[in-house]
Structure formats: structure tokens, C-alpha cells
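Throughout, a chain's letter reflects where its sequence line sits, starting with A, and its residues are numbered from 1.
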Amino acid sequence: MAFTEQERAGLAERAARIIARYPRPRSALLPLLHLVQAAEGYVSADGIAFCAEQLGLSEADVTAVMTYYSMYKRHPVGEYHIGVCTNTLCAVLGGDAIYASLREHLGTAGDEPTPDGKVSMERIECNAACDYAPVVLVNWEFFDNMTPQSARELADRLRAGAEVAPTRGAPRLVTWKEAAMILAGFPDDQAAGGDTAGGPTLAGLRIARQNGWAPDEGAGR
Amino acid sequence: MTAALTPRLTAHWDEPDSFTLAGYRRAGGYRALPAALAMHPDEVIAMVKESGLRGRGGAGFPTGVKWGFIPQGDGKPHYLVVNADESEPGTCKDIPTMLANTHAVIEGAIIAAYAIRASTAFIYVRGEVLHVVRRLHHAVAEAYRAGYLGKDILGSGFDLDIVVHAGAGAYECGEETALLDSLEGYRGQPRLKPPFPAIEGLYACPTVVNNVESIASVPYIVAGGAQAFAALGTERSKGFGIFSLSGHVTTPGQYEAPLGVTLRELLSLAGGVRAGHRLKFWTPGGSSTPIFTHEHLDVPLDFESVGGAGSMLGTRALQIFDETTCVVRATLRWMEFYRHESCGKCTPCREGTYWIVQVLDELERGRGSEDDLQKLLDMCDNILGRAFCPFGDGAVSPVMSSIRHFRDEYLEHSKHGGCPFDPALSTVFPGASR
């Protein structure tokens, strides 16, 4: 789909701010791809052309970069995109069962969205939350210690438009497009919200405190 | 009993505002920065060298030495890049660090940039952790407002800008030269070394790439003194580090301890392997480090001892698997990961990971033979030491080490005509057995 003139102007204004962050313009390419993904939900031919134009690159150059990175989508995904970790540790602890159950529940193929456009899913690689395994991500926010049932319920709530909060993340779950805008370098105002650390994050600290091994406030510095 | 755990980086993570400037200051934060700025940059480098800090991203290269490689007076801009692309399977320490102790990363980056005389720093964070990206932006904005970033920091005449840069999903970008290519707006593929990044890094200028935990350790070294840091750990692996326990363990999580702690000690603190089960195999530092078994429970988890026992300390990502876990299934899944993430630049890695998956898959389905084990080892041999970057060496680690320790289990699959394990017994929730 082509951008309207107004959309294009808005994107160009943000693109200029992104490019200005870097000593050399081409460094802005990844955030620019996040930006056009924020506008359309995926990286379209128009999105590629837009990035190429901003940076004076060919569309082939931009396409070559875009296709290397798994977070850029070439077709629309759901408003809420679910990633199920099926790397070894999560898979063994239940990720494979979660993936199979959710796949059957949604009845979708690949990362195509449900007919209502609400939810899509894919396998993801290790997302650095192994102490909370099995882990599911929605729009790159953590949903920890999942089960097949809790994952199906999560998908149902997302499809129903119910409020959903990640276990460690922003209080309000943002949409796929909103998430891409944050990745482009335009954060929302939710940084201070949400838990700082879940139980496993604090496991060692709690034991250290019980044993008097933790330094006093401000000490040890 | 002496302290088995030594919370430093993790010491204040249970305070709800530990990630804010106010919370970090209350915990003693930003006391190191003025101390560092009062020193000559070379003195800061000398101090980090003296501390013995070695890179916490897996390779273990001495951080101060890396800083010292940056040529000075060369007239080129210098860059600091914080590698926050934590993606090694099993590794989960940098993400909680950035969520809970964000300003330690910022303060460490400012000190490091001052030491190497860089006026621009980047935090390259993997894109798949949205809240971390928010927290980093938030902390950088707070630091600007407090005068810790920008022009003439704390009246020192030192200028620094920090740019938060979100990646887009590519494991290979954790390799420092691939990360630099990615940061320049290209496909994240590794560069030929030399030249090393210290000479020609970002934009062909002198660049230091440091892991998040390495950088976050710097304020603690500067404020507490190199000697206090070096007093912890072992002779050649000094200081503290975060050990991440995951998998079939009673209390998974982050355990900050001196380097040289053993898995037996950590497991005893974490309540052991999950009730009713026993340890089968584990990774000392992520999937790219050869697996260990119960025989290695007392190996000191430092660079030398783990290396001497046939693996690598890596990122201290201790993934614990009990006797219900099929080692062939685990290895196959790791190989599928490497096949998926191979950047494709060099043939041994691109083709080798593909074909290893084919053979492993046949073996897991019970359609392999003993000859296939030799075939796998031959293929590993053609990747190990022959790939363009360390990815290839890492990829063959699980295959070679699992065949070494569990050869019979591979053969059992062929005799059994399939996998003899029930995956439902390995899950943390009650599963339906097949």
C-alpha cells in the first residue's frame, strides 16, 4: 500500500531525527526499517523504497539488509504477534508442547494472522529468559513460565481485546506497530512501569540476604 | 561460612526503583564517575587492567587490555559499543541487568568511553526485548538531564553521547565484527580479522566492543578499587560474575558469585536438581560450550578450569537437564538453531550446520546407524577451526561433546527404532505422556 502524503511527511520527519543520531546515515537503516514496519505492520515495497530514498541507497541494498533480520516481516502479522521459544531449554521444559497446542488452537499457518487480524504466532530462538522457561513473547514482551493452557488463554484474551499485561514488561501491552515504533527509537512512556525483577532474577540475592552475604546499602562501592 | 554469593551488580535488584537514577544513586551509583573523570584516562585503563576483569560476553579477553589497544593521538574518532545482543542459548544475565540496573551500564559506558577517549557510544541491544529498550532510553534520558551525558560532563571537559540502537533479530550480531557491520546498516556478517576493531572498527575507526556485564562491572571496580575486585575469584579469573541457572533445577535464577564457584555449590544453594530427579548433562556457558555431566560438578567455574576440563566458561549460562531429557533431541534442537542463525558467509558453517541437522534428525527418529556418528564427527571436524568466525566452533560443541559423553544413547535410538524418551516427562508442567 502506498503512503499518503501526510503519512509520508510524518515518516520523513521521524526518519530525519533517526538519521541525525548517527555519525553516518546508513547506520540508521535498521531503525528506519523498524519505522516503516511501525507504519504498516510489515516492510512493504513502499517501505523499502522509503528507506532507500532517505539514505540514498538502492532498493536492492535495503532489501538485502531487510531479509537478513528475522524481526522484519514481509507480510502483515497479527496485531499481537506471539513468539514461542522452542530453543532447546524452553522446548524441553514445555515450549514444544506449548507451540503444538497453540498452533492447533489458532489453526493458522506460518506467521499468518488469524482471520480477524488479531493474533499470529511463530517459533522464536532463545530470548534470554531461560530462568523463566518456558517463555512466550507477545510483541517482544515477556510472558514467563507458560503452560499450553495459559498460552491458549492468552491468545483468546488477545483476540477478545481484553487487557493483558506481560509478567515482566510494560503495564499496558502495546500493539505490534507500537512496538516497532519503540524499536525505531521512539519509546512510549511506560519505561518506569512493570516489575523490575521477577522471582528467578532475585533468587541468588534472596539467598545472599538470608545469609548476610549482601552488602549494606551503598557499601562495597 | 564465607560468602558463597557476592551480590554487587545484583545487590539492589529487589528495590522497585533500582533501574532509576534515584534508585541507582541511593545504592551508591554515580560515585565512580567523578572519581574516574578526576583520573587520567590511562590511569582508568590501568585500573581496569589491574582488576583483572575479563570480558563477560564469553571470550574472556582482559577488558583493560582491550581498552589499551586503542591508539591514542591518531586524530580519528573513537567509539565504544556495548554489546547488548544477548542471544547465546541459555544466556539470560544481561537482560535482567539492563532491566534492573540500567544505570550501571550507563555509568560503566561513560567511564569506558572516557578511558578510550570516545565521544560517541552505542548500546546495541537485541530488538526482541521491548521493555529493555524502553529502560535503556529512559536511563540515557535521565543521565543527560543529570549532566552525566552530553557536553562537559561534570565540568570535566569530556563530552559523550550515547545512542540506543535496537537490532532486528540475528544471533550472529553478537559476534563483535558482525555487530559493527549491522550497526553500520549492513547484514550482520563477520569481518576478516585483522584488522581488529581496536584499529579499524566502526566506520574503520578505533572501537571497543564490550559486553553489558563487563561494562556494568566497571563502576564497581572504579569505586571499590581494583584490588577489592581482584580479591574475589581465582588467580587468573578474577572478580564476581552472574551465573544463570535454568532448566531442571529447583530454584532457577541469577546467582552472582566469585568466578571459580562450582556447579555443586550453586546447585546446593538453588535447592538441587528438581525433586525426584538427577543431573544428566549441563552447559557451563551456553549451547556453544561443550556439555558437561555429573562428573564435572566440582570443576571450578573459571576460564582455566572449565577450559582444562574440555569446555568453556562462556557466559556462565548453566542449563541443567535431568535424566528425563534426551540428549539427541537437545543436540538436534541446538543444531537447528545454528542452521537457522548461520549467517551464510562461509561454506563450512552454512552447509555443515544444514547437513548435521539432516543426520541428527535421522538418528533421533531411530533411522540412523553407528556409521552416522562417525559421519557427524567428520562433519564437525570440517567446521571446527575452518569457519570464518567462532560461530562454527560453537555450533559443533554440542554434537561432539554429546557423542563423547552419550554415545550409547545415540545408538539406543537406532535399536529402539525411535527416541526412547517421553518428552512429557521433561516438562515443568504435568504433560500428557504419549
Legend entry - Options A192(A), P31(A), A91(A), C90(A), ranked by heavy-atom pairs under 4.5 Å with chain B, top entry: A192(A)
Legend entry - Positions in residues 56-65 of chain A that reach chain B, provided some heavy atom is under 4.5 Å away: A64(A), V65(A)
Legend entry - Toward chain A, the part of P16(B) with a non-hydrogen atom under 4.5 Å: backbone
Inset, instruction - Find out whether E184(B) and R24(A) are in side-chain contact, i.e. whether some heavy atom of one side chain is under 4.5 Å from a heavy atom of the other. - result: no
Legend entry - Among the listed options G188(B), G167(B), P398(B), P77(B), the residue most often paired with chain A at heavy-atom distances under 4.5 Å: G188(B)
Legend entry - Considering all heavy atoms, the nearest A191(A)-F19(B) contact: O-CE1, 3.9 Å
Legend entry - Main-chain N/O of P96(B) paired with T201(A) side-chain donor or acceptor, under 3.5 Å: no
Legend entry - Side chain to side chain, F142(A) and V129(B), heavy atoms closer than 4.5 Å: yes
Legend entry - Side chain R333(B), main chain T86(A), donor-acceptor under 3.5 Å: yes
Legend entry - Best-contacting candidate, A168(B), P252(B), G169(B), A257(B), against chain A by heavy atom pairs under 4.5 angstrom: A168(B)
Inset, instruction - Give the C-alpha distance, both sets of side-chain angles, the deciding distance and a yes or no for side chain to side chain donor-acceptor pair (under 3.5 Å) between Y22(A) and T120(B). - result: CA-CA 9 Å; Y22(A) 296 93; T120(B) 307; over 6 Å; no
Legend entry - Salt-bridge criterion met for R134(B) and D189(A) (N-O under 4.0 Å): no
Legend entry - Basic-acidic side-chain contact under 4.0 Å: R21(A), D161(B): no
Legend entry - Interface residue of largest heavy-atom contact number with chain A, from H165(B), E86(B), H138(B), under 4.5 Å: H165(B)
Inset, instruction - Against chain B, label A129(A) side chain, backbone, both or neither, depending on which of its atoms sit under 4.5 Å from a heavy atom there. - result: backbone
Legend entry - Heavy-atom side-chain contact between P134(A) and V428(B) under 4.5 Å: yes
Legend entry - Distance-minimising heavy-atom pair for P23(A) and F122(B): CD-CZ, 3.7 Å
Inset, instruction - Please name the pair of heavy atoms, one in L205(A) and one in P7(B), separated by the smallest distance, quoted to 0.1 Å. - result: CD1-CB, 3.9 Å
Legend entry - Top of C126(A), A179(A), A133(A) for chain B proximity - count of heavy-atom pairs under 4.5 angstrom: C126(A)
Inset, instruction - Just do the side chain to side chain contact (heavy atoms under 4.5 Å, CB included) check on L183(A) and V133(B) with the steps written out, would you? - result: CA-CA 7 Å; L183(A) 296 171; V133(B) 175; 4.0 Å; yes
Inset, instruction - Using the side chain to side chain contact (heavy atoms under 4.5 Å, CB included) rule, take Y186(B) and R26(A) through it: C-alpha gap first, then chi angles, then the decisive distance, then the call. - result: CA-CA 8 Å; Y186(B) 295 89; R26(A) 183 159 177 161; 3.3 Å; yes
Inset, instruction - With a 4.5 angstrom heavy-atom cut-off, could you sort out which part of C343(B) is near chain A: side chain, backbone, both or neither? - result: both
Inset, instruction - Answer with side chain, backbone, both or neither: which region of T91(B) has an atom nearer than 4.5 Å to a non-hydrogen atom of chain A? - result: backbone
Legend entry - Contact winner vs chain B - G83(A), G198(A), G193(A), heavy-atom pairs under 4.5 Å: G193(A)
Inset, instruction - Output the option from N139(A), V92(A), I207(A) having the highest count of non-hydrogen pairs under 4.5 Å with chain B. - result: V92(A)
Legend entry - Value rounded to 0.5 Å, distance of NE2 in H248(B) from CG in L93(A): 4.5 Å
Inset, instruction - May I ask you to test the Y68(A)-E172(B) pair for a side-chain heavy-atom distance under 4.5 Å? - result: yes
Legend entry - Check: S27(A) side chain, L183(B) main-chain N or O, donor-acceptor pair, under 3.5 Å: yes
Legend entry - Beyond-backbone contact of C92(B) with Y132(A), side-chain heavy atoms, under 4.5 angstrom: no
Legend entry - When Y255(B), F337(B), W334(B), Y203(B) are compared by non-hydrogen pairs under 4.5 Å with chain A, the top option: Y203(B)
Legend entry - chain A contact via Q319(B) - side chain, backbone, both or neither, heavy atoms under 4.5 Å: both
Legend entry - Contact summary for C130(A) and S246(B), nearest pair of heavy atoms: O-CB, 3.4 Å
Inset, instruction - Select one option (side chain, backbone, both, neither) describing which atoms of Q189(B) are under 4.5 Å from chain A's heavy atoms. - result: both
Inset, instruction - For the residue pair S182(B) and Y69(A), confirm or rule out a side-chain donor-acceptor distance under 3.5 Å. - result: yes
Legend entry - Heavy-atom pairs under 4.5 Å with chain A, option from S87(B), A139(B), A170(B), G90(B) with the top count: G90(B)
Inset, instruction - Would you mind checking which part of A28(A) comes under 4.5 Å of any heavy atom in chain B, side chain (CB onward), backbone (N, CA, C, O), both or neither? - result: neither
Inset, instruction - Please confirm whether the backbone N or O of A11(B) pairs with a side-chain atom of R209(A), one donor and one acceptor, at under 3.5 Å? - result: yes
Legend entry - Residue, of L29(A), V174(A), I182(A), L137(A), that accumulates the most heavy atom pairs under 4.5 Å with chain B: I182(A)
Legend entry - Student check: side-chain heavy atoms of Q149(A) and F429(B) closer than 4.5 Å: no
Inset, instruction - Would you mind checking which part of Q190(A) comes under 4.5 Å of any heavy atom in chain B, side chain (CB onward), backbone (N, CA, C, O), both or neither? - result: both
Inset, instruction - Step by step, work out the side chain to side chain contact (heavy atoms under 4.5 Å, CB included) result for L30(A) and Y124(B). - result: CA-CA 11 Å; L30(A) 265 59; Y124(B) 185 110; 4.1 Å; yes
Inset, instruction - Over all heavy atoms of both residues, which pair between G185(A) and H137(B) is shortest? Give the atoms and the distance, please. - result: CA-NE2, 3.8 Å
Legend entry - Structural part of L99(B) lying under 4.5 Å from a heavy atom of chain A: both
Legend entry - Presence of salt bridge, R206(A) and D14(B), under 4.0 angstrom: no
Inset, instruction - Please look at Y171(B) and chain A and tell me whether the side chain, the backbone, both or neither of the residue comes under 4.5 angstrom of a heavy atom of that chain. - result: neither
Legend entry - Residue Y79(B) versus chain A: region with a heavy atom under 4.5 Å: side chain
Inset, instruction - Go through P25(A), G169(A), G194(A), G212(A) and name the one with the most non-hydrogen pairs under 4.5 angstrom from chain B. - result: G169(A)
Inset, instruction - Evaluate the criterion side chain to side chain contact (heavy atoms under 4.5 Å, CB included) for residue pair R126(B) and N127(A); output intermediate values, then yes/no. - result: CA-CA 9 Å; R126(B) 67 181 299 185; N127(A) 220 84; 3.5 Å; yes
Inset, instruction - Measure P166(A) against the heavy atoms of chain B and call it side chain, backbone, both or neither at under 4.5 Å. - result: neither
